[in-house]
Amino acid sequence: MSLLTVEGLQVHFGHEGSQVQALYDVDLTIEPGEIVGLVGESGSGKTVTSLALMGLLDPRSSRIEGRAVLDGKPLWRGKGEKRTPRRELPMAMIFQEPMTALDPVFTVGSQLVETLRIRRGMGKAEARTESLSLLEAVGISDPKARMKAYPHELSGGMRQRVMIAIALACDPKLLIADEPTTAVDVTIQAQLLDLIKDLAKERGMAVLFVTHDLGVVSETCDRMITMYAGRIVERGPVAEVLASPGHPYTAGLLAALPSPESRGGRLATIPGRVPPPGLTIPGCVFESRCPYAQPECSVPQELLPLTPTREVRCIRSNELDFEGVAP
Ligand SMILES: Nc1ncnc2c1ncn2[C@@H]1O[C@H](COP(=O)(O)OP(=O)(O)OP(=O)(O)O)[C@@H](O)[C@H]1O
């Protein structure tokens, strides 16, 4: 059984009469211990997907439909099902900017201890010992001293490590990481990616890695899902997708990656932008930006198998042959 199964996830924002749809029938599964990259440009629906899974969308201004089950527990109330209380769900999330997720007025130690007491029911002394070992597990030296530090006293990379430690305090089977390395420099980024990969391996923890950076996906993930305009447009094992992308949008993202050959020259870009939510698109959602669009693309496209391990939402994917990169 998959660790996470999501079926027909739809998200609408706004109030009756002025609603816009941000996600369309998103289906996905994540296996235990698997690292899955969720990629796409800004506005493609990656964050809305992860916030919906975490139960962090405001129910007063959003509506979620569909079914999602994590470790046998339903995330939302379905027919004849009860919603599982959030603290009973083995999942946690880390964000792009740890300062917005960490509480500036409490020390690192008190935030860790509090999480362990609430999520794991630990007593004070046990929670303190576990906090020290979690800080050690995320590579923080002198954890005893760091317990007493306030978030603003730490570097960006260290704050991100603390946020990972707080996430681990929830003992997650699924970690959702939303652009966790975007706000740090490349050396720290590489260290944090290695840390997340190592922790996933040691703990058998699955990771949903939200990023716009295919370089990060190639280094970190086992499988990738490309999103565009609130829909999944391609998915498959990272090595296979990057070696020969099946959707013109994935191919465009890949062509926009800086490479040694592109140094000094102009980087390829995908002209245009992601359509805003709520826009009715009768045919292929990427048609208006696609250099390969043909008259047959003006009908709705389905996510169909390209190979036994891959699916693509493009009627032309069998005839198009995009250049990929060696893994
Ligand atoms: N609370 C909201 N109310 C209305 N629209 C929203 C809300 N949150 C997100 N959206 C819209 O949903 C679409 C998908 O947004 P989302 O944040 O998931 O994109 P993303 O792929 O994660 O981009 P980014 O990398 O910039 O976060 C966007 O067009 C966004 O404007």
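The basis for the numbers below is simple: all heavy atoms, side chains too, and nothing from hydrogens, waters or symmetry mates. Not measured: the values here are computed from a predicted model. Remember, it's 1-based here, ligands and their atoms both numbered in the order they're listed.
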Provide, to 0.1 Å, the distance between [atom] and the closest protein heavy atom, together with that atom's residue and name.
atom	value
atom 8 (N) of ligand 1	Phe13 CZ, 3.5 Å
atom 27 (O) of ligand 1	Thr47 OG1, 3.2 Å
atom 16 (P) of ligand 1	Val48 CG2, 3.8 Å
atom 11 (C) of ligand 1	Pro277 CG, 3.8 Å
atom 25 (O) of ligand 1	Lys46 NZ, 3.2 Å
atom 24 (P) of ligand 1	Ser42 OG, 3.6 Å

Using a 6.0 Å cut-off, check whether atom CD of Glu202 has over 12 heavy atoms from anything other than its own residue.
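Above 12, so yes.
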
For ligand 1, is there an N or O atom under 3.5 Å from any N or O atom of Gly43?
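By distance alone, the answer is yes.
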
Counting heavy atoms only, which part of Glu41 comes closer than 4.0 Å to ligand 1: side chain, backbone, both or neither?
backbone

Side-chain donor-acceptor pair under 3.5 Å between Arg289 and Tyr228, yes or no?
yes

Please confirm whether the ring centroid of Tyr292 lies under 6.0 Å from the ring centroid of Phe286.
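They do not qualify: ring centres at least 6.0 Å apart.
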
Do Val216 and Leu214 have side chains that get closer than 4.5 Å, going by heavy atoms?
no

Are the side chain of Thr307 and the backbone of Thr309 linked by a donor-acceptor contact shorter than 3.5 Å?
yes

Is it the case that the side chain of Thr220 and the backbone of Val217 share a donor-acceptor pair, with hydrogens and angles ignored and the cut-off at 3.5 Å?
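Pair absent, no side-chain N/O of Thr220 close to backbone of Val217.
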
Please identify which atoms of ligand 1 are closer than 4.0 Å to at least one heavy atom of Ala22.
12 (O)

I'd like to know if Glu234 pairs up with Arg310 as an ion pair, taking the criterion as any Lys NZ or Arg NE/NH1/NH2 lying under 4.0 Å from an Asp or Glu carboxylate oxygen.
yes

